[in-house]
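Working notes for the structure below.
Proteins get letters first, then strands, A, B, ... in listed order; numbering begins at 1 in each. Only a predicted model underlies this, so the values are computations on that prediction, with no experimental measurement involved.
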Amino acid sequence: MLDLLKKLCLLDGTSGSEDNIRNFIIEEIKGHCEYKVDNLGNIICFKKGKKRSDKCLMLDAHMDEVGLIITAVTADGFLKFETVGGMDASVLMFKTVKIGEITGVISGKPVHLISKEDAKKAPKTDALYIDIGASSKEEALSLIRLGDTAVIQSDFTVMGESVKAKAIDDRIGCAVLITLLKEKAEYDYFAVFSTQEEIGTRGARVATFAINPDFALVLEATTAADIAGVSEDKSVCNLGCGPAVSFMDRATAYDRTLYNAALNSGLSVQPKRAVAGGNNSGAIHLSCEGIRTLAISLPCRYIHSPSCVANISDIENMIKLTKYMLNGILSGEIK
Amino acid sequence: MNIKDLLFKLSSLDAVGNITAASDFAYGILSKYTTAEKMDNLTVIGFLDGKSDYTLMLDSHIDQIAMVVTDIDNNGFLTVSNAGGIDIRTLPSRMVNVHGKEIVPAVFCATPPHLSKGEESFEDIANIKLDTGLGKKAKEIISLGDFVTFSGKCGELQNDLVYGRSFDDRAAVACLLMLAQKLSGKKLPINVAFVLSDSEELGMRGVRTAAFRVNPNEAIAIDVSFGNGIGIKDEECGELSKGGMIGISPVLSKVVSNKLIAVAKENDTPYQLEVMGSHTGTNADMISINREGVKTCTLSIPLRNMHSETEILSLSDLESVCDLLYAYIMAGGVLNA
């Protein structure tokens, strides 16, 4: 599982440019399920089980990650960019990026050359730029094109009981889905590897319309702020305490029956203790005539940075809870 | 070893406080070409004798910016203080190595954008905790006072630009090591002392005792200076790939500055000028007031993103600096000026 997650995290795929991820996933799931790729690039999979339930369920994980898009090139050959998805400038500055095969460094004024006041404030994204070492605009444009995307490079490192990588949001969801699709299933179900989550949960919307399920389980990563200097009431969820399920976030009021069933599963699981953020559930639960939806999220520190940190035991427990909910809903035990 | 491999090797090694890897490596090379000695902690000096009793000291600092552990909590989070100038605004999500009983990878906490609203305060480095992922075990492996260093690797950009950590001032160390090899076995008009000094980043401390030890007649401090970039004024920076920056400042010797310029012109070596109104912020400020005073100048390598782990420089500038110093020494420095 960790090896699969590592491969997925090391691939680059910002919203709207998920090709690398999609190609990798298709190679993994080929022969284990039926699948098709739709107009927005979603992979829609149908997994045949031993039995067929009278309920239709879809699992969702998004393939895209936050990143940068090149918007302009200066006369000196420096690249200007915008972020794709939410990222703070403080996690961007002085990191290395790949624009396809081209390496660059996100650059800005060194601290020596800014005022003492500015040195205490967060940097601004519009003051940053990417240096690829080009000596002119012409040279830069011979190497890259406006609209190319850039992803901050970050290796996959085991840190004690945790792993550190970029894009755990939401390659963890992809890894769990691939793992499930490779196993024998009790019941038929659909699985969607969706696009464009980070820019407004767009892929999942159309995939859900295509499937029109009764239930949806969204596999995600969510903010864990269980870090030094943050009080317990603001920590949202804790690493090592199992996957988080949410009663409400800024996009969804979740199905309370599903939420309670997850909490009462007897498995390692925790409630998300904040009404914050949002994910594909927002788009999914409002699809068609409404879909009963629950998000199962891996607690993840420093989410939307190149150094996401997640606990290894939580990953195993996320698979267990997903299977429990999947089979519970399809068998009719969870109503 | 070519200059790129040498620079990348020096960048990969640490030298701060009791961690001497870069210093040990440089000593190994310097002792091949010069009469080398280790002074205190990190400082290494290599001597080459010439035909006079006149000594030119070439200084680059071997130490690097780092941080030091000041607190360890029960959940494996560390508080650190800076040892040298750290850009606090850019720490969130940055990976570092903690030099405990073993090397521990760790990451600086970052508030996710959903919660930060982009309005964080970066007043105090102590507010940005360091996550080791070790929980209670952290206290067994890590002690107060352990050093913390950036863990970034070197890489290549277009043309001959490269990026990496601690190029300030390993780029200059690489130049001096190449120069020592080039000068070794040659008949020199003057003595040359290669000083790789400690604790520049803590306020030019190491060079004080090193300069006292060498007791030079003249000196050149080779360091990095600001390279061009968006939002940086022309008068604040040099341009990459345009050669070393010869310093001109009230605290520097005009005789040495002029001679460096003359030698560069004579040999068609690329160079640019760096004019400073007062102190240079380099070891030259300290060497020039060593003992009874030393004629001192700066020669700087233009560098983008100073004090980050992705400092960027042009390898051609290292060649230019090395060539200029070689010609300058062969011309006898300012012995007869």
> Any side-chain heavy atom of A:K121 sitting closer than 4.5 Å to one from B:R89?
Replying inline: no

> How close do A:I132 and B:L157 get, heavy atom to heavy atom, and via which atoms?
Replying inline: O-CB, 3.3 Å

> Out of curiosity, B:I230 CD1 to A:D126 CG, how far, rounded to the nearest 0.5 Å?
Replying inline: 11.0 Å

> Taking all non-hydrogen atoms of both residues, which atom of A:Y129 and which atom of B:G229 are closest, and how far apart?
Replying inline: OH-CA, 3.2 Å

>> Heavy-atom pairs under 4.5 Å with chain B: which of A:S305, A:S162, A:S107, A:G104 has the most?
In response: A:S107

> Which one, A:M93, A:R250, A:E161, A:K116, leads in non-hydrogen pairs under 4.5 Å with chain B?
Replying inline: A:M93

>> Using every non-hydrogen atom in the two residues, find where B:F77 and A:I227 come nearest and quote the distance to one decimal.
In response: CZ-CA, 3.5 Å

> Between A:I114 and chain B, which part of the residue has a heavy atom less than 4.5 Å away: side chain, backbone, both or neither?
Replying inline: side chain

>> With a 4.5 Å cut-off on side-chain heavy atoms, are B:P92 and A:Y302 touching?
In response: no

>> I need the minimum non-hydrogen distance between B:D131 and A:M159, along with the two atoms involved.
In response: O-CE, 3.3 Å

> Distance from B:K233 atom NZ to A:L113 atom CG, nearest 0.5 Å?
Replying inline: 9.0 Å

>> If I measure from the heavy atoms of chain B, does A:D118 come under 4.5 Å with its side chain, its backbone, both, or neither?
In response: backbone

> For B:S93 and A:K95, does a side-chain donor sit closer than 3.5 Å to a side-chain acceptor?
Replying inline: yes

> Does any heavy atom of chain B fall under 4.5 Å from the side chain of A:S135, the backbone, both, or neither of them?
Replying inline: both

> With only heavy atoms counted, which part of B:I88 is less than 4.5 Å from chain A, the side chain, the backbone, both or neither?
Replying inline: neither

> Relative to chain B, which segment of A:L143 carries a heavy atom at a distance below 4.5 Å: side chain, backbone, both, or neither?
Replying inline: side chain

> Under 3.5 Å, is there a donor-acceptor pair between the side chain of A:K109 and the main chain of B:G231?
Replying inline: yes

> Quick one: what part of A:S90 sits under 4.5 Å from any heavy atom of chain B, side chain, backbone, both or neither?
Replying inline: both

> Do the non-hydrogen side-chain atoms of A:H112 and B:D87 ever get within less than 4.5 Å of each other?
Replying inline: no

> Hey, does B:I232 have a side-chain heavy atom less than 4.5 Å from the side chain of A:P110?
Replying inline: yes

> Is it true that atom CD of A:E117 has more than 12 heavy atoms of other residues, nucleotides or ligands lying nearer than 6.0 Å?
Replying inline: no

> Is it the backbone or the side chain of A:V163 that comes under 4.5 Å from a heavy atom of chain B, or both, or neither?
Replying inline: neither

> Looking only at side chains, do B:Y163 and A:D131 share a donor and an acceptor under 3.5 Å apart?
Replying inline: no

>> Please identify, among A:A119, A:G240, A:P306, A:G133, the residue contributing the most non-hydrogen atom pairs under 4.5 Å to chain B.
In response: A:G133

> If you measure from OG1 on B:T90 to CG on A:L92, what distance do you get to the nearest 0.5 Å?
Replying inline: 11.0 Å

> What part of A:K80 lies closer than 4.5 angstrom to a heavy atom of chain B: side chain, backbone, both or neither?
Replying inline: side chain

> If you measure from CZ on B:R304 to CZ on A:F94, what distance do you get to the nearest 0.5 Å?
Replying inline: 12.5 Å

> Which bit of A:V91 comes within less than 4.5 Å of chain B, counting heavy atoms only: side chain, backbone, both or neither?
Replying inline: both

>> side chain to side chain contact (heavy atoms under 4.5 Å, CB included), that's the test. Do A:E139 and B:N159 meet it? Break it down for me.
In response: CA-CA 10 Å; A:E139 189 190 352; B:N159 299 307; 3.1 Å; yes

>> Tell me if the CG atom of B:N2 is crowded by more than 12 foreign heavy atoms within 6.0 Å.
In response: yes

> B:E311 versus chain A, heavy atoms under 4.5 Å apart: side chain, backbone, both or neither?
Replying inline: neither

>> Assess the residue pair B:E309 and A:V105 against the criterion (side chain to side chain contact (heavy atoms under 4.5 Å, CB included)); give the C-alpha distance rounded to whole Å, side-chain angles, the decisive distance to 0.1 Å, and a yes or no.
In response: CA-CA 10 Å; B:E309 63 175 341; A:V105 172; over 6 Å; no

> How long is the gap from OG on B:S308 to CD1 on A:I106, to the nearest 0.5 Å?
Replying inline: 11.5 Å

> For the side chain of A:S307 and the backbone of B:V107, is there at least one donor-acceptor N/O pair under 3.5 Å apart?
Replying inline: no

>> How close do A:G160 and B:L134 get, counting heavy atoms only, and between which atoms?
In response: CA-CD2, 3.9 Å

> So which of B:K137, B:E236, B:M95 has the largest heavy-atom pair count under 4.5 angstrom toward chain A?
Replying inline: B:M95

> Under a 4.5 Å heavy-atom cut-off, does chain A meet the side chain of B:T132, its backbone, both or neither?
Replying inline: backbone

> What is the distance from atom OG1 of A:T96 to atom NZ of B:K153, rounded to the nearest 0.5 Å?
Replying inline: 9.5 Å

